[in-house]
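These notes are about the structure you will find just below.
In this chain, numbering begins with 1 at the start of the sequence shown.
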Amino acid sequence: MLQAIAIFATAFLIVANLGGSKAKKEKHVTDWLILARLCFFTLLTVTIIKLILTFPHELWIGLCLILYLILVDAFMETNFRLKRETFGNPNRSYMAIFALVIALVVVTLWF
């Protein structure tokens, strides 16, 4: 069950990031940002629950994944901030999507 939630949240996070980077109005960027934040916190919560369930055995893998997710969130927030203030940086958008795809692969393999 946790794996399905994590995969869905990560996939929707990729969609929200794509939608936010392609949006033309600031209101739509903000809407996508809200959805991306909800998906991110869902993914982070599921990862912490998985870490608690497998505490002594997979401690370092779980901590590294949580740290990676926090770094990806900071990168994603910066991407949305640039999109709202200026018209965004396409290279940064592609790098954020690439980082989220790596997160999807890691989450799928870890769960």
Q | Pairs flagged by side-chain hydrogen bond (donor to acceptor under 3.5 Å, both in side chains) wherever residues 44-53 is involved - sequence neighbours left out | A | none
**Q.** For Thr10, side chain to side chain contact (heavy atoms under 4.5 Å, CB included) partners two or more places apart
**A.** Leu43, Leu104, Val107
Q. How close do Trp32 and Ala23 get, heavy atom to heavy atom, and via which atoms?
A. CD1-CB, 4.4 Å
Q. Applying the 4.5 Å side-chain criterion to the ILVMFWY set and letting contacts propagate, would Phe41 and Leu67 be lumped into a single cluster?
A. no
Q: Could you list who else is in Met95's hydrophobic cluster, with ILVMFWY side chains joined at under 4.5 Å, directly or through other members?
A: Phe75
Q) Atom SG of Cys39 and atom CG of Leu44: how far apart are they, to the nearest 0.5 Å? A) 12.5 Å
Q | Passing candidate, side-chain contact (heavy atoms from CB on, under 4.5 Å) with Ile52, options Thr54, Ile48, Ile49 | A | Ile48
Q. Of all heavy-atom pairs between Glu58 and Leu51, which one has the smallest distance, and what is that distance?
A. O-CD1, 3.9 Å
Q.
Show the nearest heavy-atom pair for residues Val29 and Gly20, with the distance to one decimal.
A. CG2-O, 3.7 Å
Q) Do you know which two heavy atoms are closest between Ala36 and Leu13, and how far apart they sit? A) O-CD1, 3.1 Å
Q | Test item: Tyr68 and Val106 side chains (from C-beta on) under 4.5 Å apart, heavy atoms | A | no
Q: Might you point out which heavy atoms bring Phe12 and Leu35 nearest each other, and give the distance in Å?
A: CE2-CB, 4.1 Å
